[in-house]
Each structure stands twice: as structure tokens, then as C-alpha cells.
2 protein chains.
Amino acid sequence: MATNTMNKSEIKVIGVLERVGGFASAQELYQLLQRGGESIGLTTVYRALQSLVSDKIVDQLRREDGEAIYRLCGDNHHHHLVCKQCGSTVEIEGSAIERWTKSIAEEHGFREVGHTAEIFGICPKC
Amino acid sequence: MATNTMNKSEIKVIGVLERVGGFASAQELYQLLQRGGESIGLTTVYRALQSLVSDKIVDQLRREDGEAIYRLCGDNHHHHLVCKQCGSTVEIEGSAIERWTKSIAEEHGFREVGHTAEIFGICPKC
DNA sequence: TTGAAAATGAAAATCATTTTCATTTTCTGC
DNA sequence: GCAGAAAATGAAAATGATTTTCATTTTCAA
């Protein structure tokens with residue numbers, strides 16, 4: 001196996017995804033790379049992401065507005081409780097959801113399963 | 001309640017969604033309406049869909065390529081198990097999530113709580 | 001009937017993403 | 001090293017869904 005050579009751009013993109021530690025869009029990753037002083041073009045970011053996705057190193061899904069977001073596969077992620085009013089967020093543990101996801105997916109024969117979940121409401125201060 | 005007046009365009013869009021009986025994109029719905037001899041503009045189709053979505057009469061989600069797809073809502077709040085490859089979706093029951101959401105929110109003193117959750121993976125066929 | 005508000009849709013604008021294409025970098029065999 | 005092929009790069013143009021603009025038409029209540 002290991003047919004895949006990893007080029008410089010792909011390594012840069014993986015690096016920034018590690019720093020982010022969760023989902024980010026191509027545009028966001030591009031900006032972060034720029035700010036970090038990396039010399040890399042937007043086109044190349046897109047190409048690196050495509051290639052990483054098809055090598056199953058990166059997970060791709062869609063935000064509600066249709067923008068694609070990416071994260072390293074196998075990142076164990078957390079969830080957020082977000083205030084609709086002031087935007088403050090609380091990180092929450094999600095093992096319950098984790099189990100729920102797994103059992104539902106199994107039940108329907110799905111593989112390579114991931115999920116998104118977010119709770120929103122109005123926080124005590126607001 | 002029932003603040004919502006339904007205008008002609010929205011009725012046309014609901015009509016075509018009924019005929020389709022599943023998911024369709026705005027562009028597809030527009031084409032179907034045209035072919036059905038309806039006089040309606042693309043802009044108006046988009047506007048009608050927006051309004052139906054925010055009235056919770058229509059469900060909106062995203063195809064793998066980011067295009068928005070719509071269908072008439074079932075009346076019960078559900079979640080989706082979506083295939084990353086072919087886009088096929090399974091409606092799933094979410095009472096477990098419902099309870100999880102409620103308890104987390106309570107724990108942190110949040111009010112007016114809602115949530116989003118979606119499971120994605122690769123379906124048995126793909 | 002009339003004037004205000006809502007609805008309409010063609011055309012322009014937006015914005016993420018992809019494609020094109022000319023240039024630069026990397027790799028391979030000599 | 002060295003030439004030449006192959007891969008990578010990125011700026012600019014193209015694409016395509018969706019939204020906005022804005023002038024016109026329709027609806028509706030007084």
C-alpha cells in the first residue's frame with residue numbers, strides 16, 4: 001500500500017488542519033496559511049484538499065450554507081453549546097452522541113461514519 | 001399562530017414538490033414547473049423555497065456537491081443519515097439526541113434550546 | 001378607485017470552486 | 001552535473017448555484 005506520495009502543499013494543509021483541530025473551509029485554511037507566512041495559492045489549497053479527501057486522509061462535508069468543510073479523519077472531536085444571543089460557546093463531551101451515531105449507522109449498514117451536532121440556545125447571562 | 005399567508009408561487013412550488021415526492025434542487029423544480037407550463041421565474045422559485053424552509057414546510061439539505069435540495073417536511077422532527085457518496089438519505093428517529101440535548105442544556109442553564117445533528121457515512125450500496 | 005404594500009422576474013452581482021495555461025520545480029536516466 | 005519529461009504551482013478566467021437589485025405588476029384594504 002502507501003501508494004501515495006505526499007507533496008509539500010499537502011503537508012502544509014495537514015499541518016494547518018492539525019492546528020485547527022476540527023472543521024475548516026478551504027478559504028479559512030488558505031487564510032490561516034497566509035497569516036502563518038506560508039507561500040501557497042488558493043488553487044493549490046483546493047487541490048491538496050481534493051487529493052487528501054480522495055486518499056481518505058481528510059473528511060469533507062458541507063456547512064449549512066453549502067460551503068465545504070474539512071478536517072483530519074479520525075480527529076476525535078467535541079461538540080459545542082452555543083448561545084444564539086452572545087455567541088459564547090461551551091465545549092461539551094459527546095460520548096453519548098458517539099454511541100448513538102455508531103449504533104444508528106450500524107443498523108443501516110453504513111461505513112466510515114462521522115457526524116455533526118451542535119446545540120444552540122440562550123445562555124444564562126443573556 | 002398561523003401567521004403565514006401562502007402566496008401563489010409557494011403553492012406552485014409545494015405542488016411540484018408533491019409530484020416529485022422526494023428531494024429536488026431549486027433548478028430542477030424550476031425546470032419541472034416550466035415544463036409543466038407554469039409561468040414562474042427562477043428567482044421566485046428560490047424565494048418561495050426560502051420562505052417555505054423558514055416556515056418549516058420544506059426541509060433543506062445539501063447534496064455532496066453543495067447544491068441545496070428540498071422536500072416537503074414530514075411533521076415529526078427527525079435527523080438524517082446521509083451517504084457521502086451517492087447522497088441517499090435515511091430518516092432517523094432522534095429521541096436519544098433529544099434527551100441528550102435537553103440534559104446538556106439544562107446542566108448549563110441554557111434556554112430556548114435547539115440542535116442540529118447529522119450522521120454521514122457510506123451506504124451499503126456504495 | 002386609489003395608493004401603499006407585496007410579489008415578480010430579468011439582469012447583475014456574489015462567492016465558492018474548478019479550469020486553463022504558462023511558468024517553475026522536481027525527478028529520472030545518462 | 002545535465003537535459004528533458006513529468007508533476008506542481010498559482011494567477012486569472014470560467015463556472016454555476018444562489019442572492020441582490022430594481023423597475024414593473026399585482027393585490028388589497030380603505
Side-chain angles (χ1 to χ4, degrees), chain A residues 2-17 20 22-55 57-71 116, chain B residues 2-17 20 22-55 57-71 82 84-87 89 120:
Chain A
T3 15
N4 318 330
T5 317
M6 190 85 61
N7 70 27
K8 283 179 185 171
S9 307
E10 291 168 23
I11 289 170
K12 287 180 190 171
V13 169
I14 289 178
V16 75
L17 278 170
V20 166
F23 284 108
S25 72
Q27 309 273 348
E28 288 161 358
L29 294 171
Y30 170 65
Q31 305 247 355
L32 288 170
L33 285 162
Q34 294 285 300
R35 279 190 217 122
E38 289 291 356
S39 161
I40 187 172
L42 181 56
T43 309
T44 305
V45 171
Y46 274 106
R47 267 193 292 240
L49 285 168
Q50 270 175 197
S51 149
L52 293 169
V53 166
S54 75
D55 290 350
I57 293 165
V58 162
D59 247 358
Q60 170 181 27
L61 65 102
R62 295 276 164 185
R63 268 216 279 257
E64 206 154 304
D65 68 353
E67 195 173 352
I69 50 179
Y70 307 85
R71 76 165 169 199
T116 57
Chain B
T3 15
N4 318 332
T5 318
M6 191 85 61
N7 70 29
K8 282 179 186 169
S9 306
E10 291 169 22
I11 289 170
K12 286 181 191 171
V13 169
I14 289 177
V16 76
L17 278 170
V20 166
F23 284 108
S25 72
Q27 309 273 348
E28 287 161 359
L29 294 171
Y30 170 66
Q31 305 247 356
L32 288 170
L33 284 162
Q34 295 286 299
R35 279 190 216 121
E38 290 290 356
S39 162
I40 188 172
L42 181 56
T43 310
T44 305
V45 171
Y46 274 106
R47 267 194 290 241
L49 285 168
Q50 270 176 196
S51 149
L52 292 168
V53 167
S54 75
D55 291 350
I57 293 164
V58 162
D59 247 358
Q60 170 181 23
L61 61 101
R62 295 276 164 183
R63 266 195 212 142
E64 173 106 332
D65 68 354
E67 195 173 354
I69 50 180
Y70 306 85
R71 82 169 159 192
V82 185
K84 290 194 270 198
Q85 207 117 99
C86 70
T89 67
F120 49 89

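Computed from a prediction, not measured in an experiment: that's the story for all the values here. These values consider heavy atoms only, across backbone and side chains, with no hydrogens, waters or symmetry-generated copies. Naming convention: chains lettered A, B, ... in sequence-line order (proteins, then strands); numbering from 1 in each chain.
- Rounded to an integer number of Å, the gap from E10(B) CD to dT8(C) C1' is 13 Å.
- K8(B) has a side-chain polar atom (N or O) that falls below the 4.0 Å cut-off from OP1 or OP2 of dT27(D).
- Annotation: side chain to side chain donor-acceptor pair (under 3.5 Å) contacts of S9(B) (sequence neighbours excluded): none.
- Atom pair Q34(B):CD and dG9(C):P shows a separation of 9 Å (rounding to whole Å applied).
- Checked against salt bridge (charged side-chain N to carboxylate O under 4.0 Å, His left out), E64(A) has no partners two or more places apart in sequence or in another chain.
- For the pair L33(A) CG and dG10(D) C1', the interatomic distance rounds to 14 Å; values are reported in whole Å.
- Take Y30(A) and apply the side chain to side chain donor-acceptor pair (under 3.5 Å) test, not counting sequence neighbours, and it matches no residue.
- Residues passing the side chain to side chain donor-acceptor pair (under 3.5 Å) test with Q31(A) are R35(A), sequence neighbours excluded.
- Put simply, T44(A) has no side-chain N or O that comes within less than 4.0 Å of OP1 or OP2 on dT9(D).
- Contact annotation for S51(B): no contact, since no heavy-atom pair falls under 4.0 Å across all strands.
- Of the possible donor and acceptor atoms, one in the side chain of Q34(A) sits under 3.5 Å from a partner among the backbone N and O of I40(A).
- In this structure, N7(B) does not reach the dT27(D) phosphate: none of its side-chain N or O atoms is under 4.0 Å from OP1 or OP2.
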### Task
List the protein contact pattern of nucleotides 11-22 of chain C with one symbol per nucleotide (5' to 3'): B for base contact, S for sugar-phosphate-only contact, - for none; contact means a heavy-atom distance under 4.0 Å.
B----SBBB---
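- With sequence neighbours excluded, the residues that form a salt bridge (charged side-chain N to carboxylate O under 4.0 Å, His left out) with D65(A) are R63(A).
- Atom CG of L49(A) and atom P of dA8(D) are 15 Å apart (whole Å).
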